[in-house]
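Single-structure report; data block below.
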Amino acid sequence: MNAENSCVVIFGASGDLTFRKLIPALYNLYKIGKLGEHFSVLGVARSELSDESFRQKMRDALVKFEKASGPKLDEFCEHLYYQAINTSSVVDYAKLLPRLDELHDRYQTGGNTLYYLSTPPSLYGTIPECLAAHGLTTEEFGWKRIIVEKPFGYDIETAKKLDVQIHKCFEEHQIYRIDHYLGKETVQNLLVLRFSNGLFEPLWNRNFIDYVEITGAESIGVEDRGGYYDDSGAMRDMFQNHLLQVLAMVAMEPPAIINANSMRDEVAKVLHCLHPLSEEDVKNDVILGQYARGLVDGEEVVGYLEEKGVPADSNTETFMAVKCEIDNWRWAGVPFYVRTGKRLPTRVTEIVIHFKTTPHPVFSQNAPENKLIIRVQPDEGISMRFGLKKPGAGFEAKEVSMDFRYSDLSSTSSLLTAYERLLLDALKGDATLFARTDAVHACWRFVQPILDYKANRGRVYEYESGTWGPTEADKLIAKHGRVWRKPSGMMKKKV
Ligand code: BG6
């Protein structure tokens with residue numbers, strides 16, 4: 001199904017996200033025919049730009065990042081427009097009315113409007129209020145939807161307040177809280193792997209699974225986002241949203257049907273079952289770290305405290321490892337070890353399901369426990385690890401693997417990127433892969449004790465850049481007799 005006729009209004013149109021992700025996503029959707037001719041994009045920001053200069057900026061970005069060229073690029077740019085307003089001033093929003101009327105008329109978009117908040121979070125409450133003051137949120141003439149980027153709140157209290165503010169202007173069915181991890185093909189594939197195969201689901205529980213590891217590692221540092229990052233840390237930047245959403249996909253119950261309500265009911269249910277962390281649990285089961293100087297990919301890199309925009313005495317975590325538990329029948333007693341960090345040895349997101357070993361060792365030496373490795377990125381794929389007999393005398397077992405790589409599918413080139421998929425879904429009115437308010441609150445509730453610990457300047461361990469975080473993170477899991485998998489850059493090519 002293609003996008004419905006509509007106008008996409010991007011607030012924060014002069015920002016990075018717009019030209020790095022949003023415009024490229026819309027361009028690619030246009031190129032493959034998912035966005036017909038009846039669409040327009042209205043960029044909105046404070047800077048004074050004409051339609052022409054906005055088009056030129058976006059065209060340059062498309063050429064640079066997407067290697068775009070040819071008539072499709074020209075045609076796409078014709079659909080781009082720009083309006084400068086002071087986004088904090090309600091009066092200024094009046095300028096949007098004639099622009100939108102004109103665009104809806106020209107492109108026959110029937111008043112359908114998708115607002116995208118790609119601004120600093122301090123404006124997430126203001127923009128909806130200003131739009132509502134001008135009647136721009138009502139659905140009498142076409143649908144109105146709003147996409148809100150993360151962070152959705154700063155903690156549980158601000159998340160609730162923001163919700164109240166936005167709900168005064170938009171109803172829940174109009175609100176799309178974007179988490180780009182849910183747009184990743186391999187995260188969605190988890191659902192297909194689990195719920196469309198008879199093989200895995202019977203084993204997917206406490207009787208057969210020993211523990212689960214979820215890793216979201218990055219080799220980059222904070223780059224030029226030191227100012228933003230120092231307020232967020234790994235917890236608000238990656239854990240509270242992306243990784244807890246991935247955890248929900250691993251742990252949720254099968255929905256009766258894949259649609260926005262049933263899916264999101266199950267996601268919220270499992271997130272509500274996260275075992276609340278007591279102060280004692282935070283001390284025992286949470287490790288925070290901050291990168292120091294070191295070598296990444298053979299290059300010397302500076303420590304976090306030396307990054308631009310970071311205060312010299314910052315206690316912000318760039319790494320965290322947490323042992324989570326889920327209080328329900330399926331998962332009682334199965335730890336989920338989740339870790340994320342910047343300046344780790346490689347960029348990899350993966351989920352490892354560790355199955356229990358055999359009840360009785362028949363051979364003198366068992367193979368290591370069976371594992372299912374779901375590689376979210378890069379080298380997207382799935383690897384099943386199990387034991388077979390080592391050739392030769394005796395019955396020694398060795399670990400072998402059966403691998404599936406996405407790149408082996410001939411149609412991989414037509415995979416949509418996360419932003420393409422999610423923008424298209426929002427333009428079709430499908431909120432299945434967007435976070436619902438109850439799930440967002442459940443995530444904040446779970447991390448709140450860690451935020452409190454942090455606010456009291458709880459211990460943050462230093463780790464050398466290019467390593468897998470502080471050694472305390474190894475101890476966190478070693479005390480239960482387990483070790484983190486150290487994923488390499490690539491999935492093994494051959495068994
Ligand atoms: C963003 C974070 O949401 O996700 C970044 O703000 C992080 O700090 C990025 O680098 C990771 O996304 P991906 O898709 O590259 O894994």
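Whatever order the structure lists ligands and atoms in, that order sets their numbers, starting from 1. None of these values were measured; they are calculated from a predicted model.
- Side-chain N/O atoms of Y124 and E149 include no donor and acceptor closer than 3.5 Å.
- Looking at Y30, F54, Y27 one by one, the single match for ring pair (Phe, Tyr, Trp, His ring centres under 6.0 Å) with H79 turns out to be Y30.
- Side-chain contact check for L114 versus V9: every heavy-atom pair is 4.5 Å or farther apart.
- Side-chain atoms of Q174 come within 3.5 Å of backbone atoms of E171 as a donor-acceptor pair (strictly under, hydrogens ignored).
- Here K72 pairs with E75 under the salt bridge (Lys or Arg N to Asp or Glu O under 4.0 Å) rule; sequence neighbours left out.
- If you check the side chains of R46 and N86, you find a donor sitting under 3.5 Å from an acceptor.
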Could you go through ligand 1 and note, for every N or O atom, any protein N or O atom closer than 3.5 angstrom, writing the atom names and distance to 0.1 Å, or 'none'?
{"from": "ligand 1", "atom 1": "3 (O)", "to": "K150", "atom 2": "NZ", "distance (Å)": "2.6"}
{"from": "ligand 1", "atom 1": "3 (O)", "to": "H242", "atom 2": "NE2", "distance (Å)": "2.7"}
{"from": "ligand 1", "atom 1": "6 (O)", "to": "K150", "atom 2": "NZ", "distance (Å)": "2.9"}
{"from": "ligand 1", "atom 1": "6 (O)", "to": "R225", "atom 2": "NH2", "distance (Å)": "2.8"}
{"from": "ligand 1", "atom 1": "6 (O)", "to": "D237", "atom 2": "OD1", "distance (Å)": "2.6"}
{"from": "ligand 1", "atom 1": "8 (O)", "to": "R225", "atom 2": "NH1", "distance (Å)": "2.9"}
{"from": "ligand 1", "atom 1": "8 (O)", "to": "D237", "atom 2": "OD2", "distance (Å)": "2.6"}
{"from": "ligand 1", "atom 1": "8 (O)", "to": "K342", "atom 2": "NZ", "distance (Å)": "2.9"}
{"from": "ligand 1", "atom 1": "10 (O)", "to": "E218", "atom 2": "OE1", "distance (Å)": "3.4"}
{"from": "ligand 1", "atom 1": "10 (O)", "to": "E218", "atom 2": "OE2", "distance (Å)": "2.5"}
{"from": "ligand 1", "atom 1": "10 (O)", "to": "K342", "atom 2": "NZ", "distance (Å)": "3.2"}
{"from": "ligand 1", "atom 1": "12 (O)", "to": "H180", "atom 2": "NE2", "distance (Å)": "3.1"}
{"from": "ligand 1", "atom 1": "14 (O)", "to": "H180", "atom 2": "NE2", "distance (Å)": "2.8"}
{"from": "ligand 1", "atom 1": "14 (O)", "to": "K184", "atom 2": "NZ", "distance (Å)": "2.6"}
{"from": "ligand 1", "atom 1": "15 (O)", "to": "R347", "atom 2": "NH2", "distance (Å)": "3.2"}
{"from": "ligand 1", "atom 1": "16 (O)", "to": "Y181", "atom 2": "OH", "distance (Å)": "2.5"}
{"from": "ligand 1", "atom 1": "16 (O)", "to": "Q377", "atom 2": "NE2", "distance (Å)": "2.6"}

